[in-house]
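Structure record follows, encoded as structure tokens.
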Amino acid sequence: MKRLYLFAALALVACGSGNKKPMETPKDHLVHTLFSYAESGKIAYGHQDDLFYGHTWKVEDWENDALERSDVKDVTGRYPMILGCDLGGIELGADKNLDGIPFGLMRKAVLKQVERGGMVTFSWHPRNPLTGGDAWDISSTEVVKSVLPGGEKHAEFMLWLQRAADFIESIGPDVPIIFRPWHENLGSWFWWGGKLCSDQEYKELFRATWLYFTKERGLTNLLWCYSPNGPIPPEVYMSRYPGDEFVDILGTDIYEYVGDGSVEEAGVRFQNQVKNMLSTLVALGDEHKKLICLSETGLEGIPDLKWWTGSLAPSIQDFPISYVLTWRNAWDQPGHFYAAWDGYEGAADMKAFSELDNIVFLP
Ligand code: BMA
């Protein structure tokens, strides 16, 4: 209950002695809603790219499409509470993101999701500004340094931030967005990852992004999520934490991998990893007064037909996380899906998950 008292106290302070109600911004409203989920043991469910495409379909004529299709809705009868989108490509001024989604469609889907009462989160897999490769190009350890002030790519990188900010601004100031840049930063698979820069350089990258968006562009509708890959010990998690001023949500990305063992073993391993990491996030969230979430998860191709109720639900249901998001159902890669779709053998289990008392989908 600690958090509820904190918010009640803040509201009183904001009210002062007069009769005026505190001004609640769209961001405040989303923060309060997510805290209220955590308080009451509810967890919002999110799906990456949910309205853009599914296992066997994609939106073609987006300007004339009502955006009613969703694999998740096909299976559970409801849309996910959270729509995940990725900005990758916006930095180059491209029309489409790295997975072929027109940014016009993305804007329309975000507005549709919010109109339906839902929430949105943006990740960002930007290209490598130094080498010209993609986000996964880890051939140089100089990239982060090169975009910071004094670096050879600094000016170009500021243009990249400007383009991303322009797009977010074009969605409108009243749409709160959970923004999750520079994610999975403790592994070494992105150019901003563990071995690719120093702790200090990473922190400067995150802060520079926050400062530009928030102070220079006035984009105060963003909830900033710090989301390292897990599981990792608390001191490692915090080793690149940019600071309380720059973060609203403590997240983590943890996937289940089957590897050489059995699906059962993978499920047990995943549950232990998620529970350990979420215990860490609960402690850190209390200490830093932040929301917590499982910002990305899933089992590619879901070979475990009881994954949702057998692995995911028991991993998260005792933790006050505000949301959980499973990754995308690629229309062009039959094995690359992380939510059920109509016709997938284990669909009934995802439906059962969606009907659990504490899991929140759109009504
Ligand atoms: C990865 C994969 C890629 C995709 C990227 C960004 O995890 O799904 O196919 O391009 O995310 O969405």
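If you read the sequence from its start, that first residue is 1, and numbering goes on from there. Note that the structure is predicted; figures quoted are calculated from it, not measured. Indexing begins at 1, ligand by ligand and atom by atom, following the structure's order.
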*Just need the protein heavy atom nearest to atom 9 (O) of ligand 1, so name the residue and atom and give the distance.*
R328 NH2, 2.8 Å
*T56 and W341: side-chain donor and acceptor closer than 3.5 Å?*
no
*Does NZ in K153 sit with more than 12 non-hydrogen atoms of other residues, nucleotides or ligands closer than 6.0 Å?*
yes
*Give a yes or no on whether a salt bridge exists between D248 and K27, defined as a side-chain N under 4.0 angstrom from a carboxylate O.*
yes
*Please report which non-hydrogen protein atom sits nearest to atom 8 (O) of ligand 1, along with the residue it belongs to and the distance in Å to one decimal place.*
H336 NE2, 2.6 Å
*asked:* So if I count the atoms of ligand 1 from 1 in the order they appear, which ones are less than 4.0 Å from some heavy atom of H125?
replied: 6 (C)
*Considering only the protein, which heavy-atom contact is closest to atom 1 (C) of ligand 1, and what is its distance?*
W327 NE1, 3.6 Å
*Evaluating non-hydrogen atoms only, which member of D99, N97, D86 is closest to atom 10 (O) of ligand 1?*
D99
*Would K351 and E355 pass as an ion pair if we require N to O under 4.0 Å?*
yes
*Check: S354 main-chain N/O paired with R78 side-chain donor or acceptor under 3.5 Å*: yes
*Quick one: look up the protein heavy atom nearest atom 5 (C) of ligand 1 and list residue, atom name and how far away it is.*
W136 CH2, 3.7 Å
